[in-house]
Amino acid sequence: AMQPGALETTVEFKGEKANFFLRYISRGGKNVGIGPMDIVTPTVLHLQPVSADQFVGYDLASGHTVLLKFDRDERTFEVTGLRFQRNGKPIIAVRKQK
């Protein structure tokens, strides 16, 4: 369930054979939840790729540009983090090491 006062972002990854949805929840500029999403909600913001790991979109409701960037390990290309920036304010989620 959505937490009061939190911002929830849903990202759809379209694959060749299936799609994957990721839900990212933040409150006060801090990550409070990230993970896969089973139930699909309508996508409001469409992001376009500008590089191999960076996507950009425009939020008509707020008039702000939105940037989504995946941090990757330069050696293994494994995703190590996710950066979401709206209105110049970044929200960063870092993958925990096992």
Side-chain angles (χ1 to χ4, degrees):
M2 184 64 174
Q3 298 180 13
L7 169 69
E8 181 174 331
T9 303
T10 304
V11 180
E12 178 183 8
F13 298 90
K14 293 186 177 185
E16 186 175 322
K17 297 183 180 181
N19 295 345
F20 173 78
F21 292 86
L22 179 74
R23 184 171 71 171
Y24 174 77
I25 302 171
S26 64
R27 186 182 323 118
K30 294 183 180 180
N31 176 27
V32 294
I34 188 168
M37 183 174 186
D38 296 329
I39 301 171
V40 180
T41 57
T43 304
V44 176
L45 179 66
H46 296 281
L47 300 171
Q48 300 297 318
V50 292
S51 70
D53 57 4
Q54 192 168 327
F55 301 82
V56 68
Y58 185 74
D59 184 359
L60 287 172
S62 68
H64 296 122
T65 300
V66 175
L67 176 70
L68 179 69
K69 183 178 186 307
F70 293 90
D71 296 328
R72 299 185 301 168
D73 183 290
E74 292 183 19
R75 186 177 55 81
T76 65
F77 298 105
E78 180 181 10
V79 174
T80 58
L82 175 69
R83 296 172 187 265
F84 176 79
Q85 184 171 331
R86 180 176 173 272
N87 193 23
K89 297 177 183 175
I91 299 171
I92 302 170
V94 178
R95 182 177 182 181
K96 290 184 178 180
Q97 298 297 323
K98 294 180 182 178

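- In this structure Phe55 satisfies the ring pair (Phe, Tyr, Trp, His ring centres under 6.0 Å) test with no other residue, sequence neighbours excluded.
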Stepwise side-chain contact (heavy atoms from CB on, under 4.5 Å) test for Val11 and Leu82: CA-CA 11 Å; Val11 180; Leu82 175 69; 5.6 Å; no
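- When the side chains of ILVMFWY residues are joined at heavy-atom separations under 4.5 Å, either directly or via intervening members, Val66 and Leu68 end up in a single hydrophobic cluster.
- By the side-chain contact (heavy atoms from CB on, under 4.5 Å) test, Asp53 pairs with Ser51, Lys69, Phe70, Arg72, sequence neighbours left out.
- Put simply, OG1 on Thr80 and CG on Asp73 are 6.5 Å apart, with the number rounded to the nearest 0.5 Å.
- Cluster partners of Leu67: none. The rule joins Ile, Leu, Val, Met, Phe, Trp and Tyr whenever side-chain heavy atoms lie under 4.5 Å apart, and it links nothing here.
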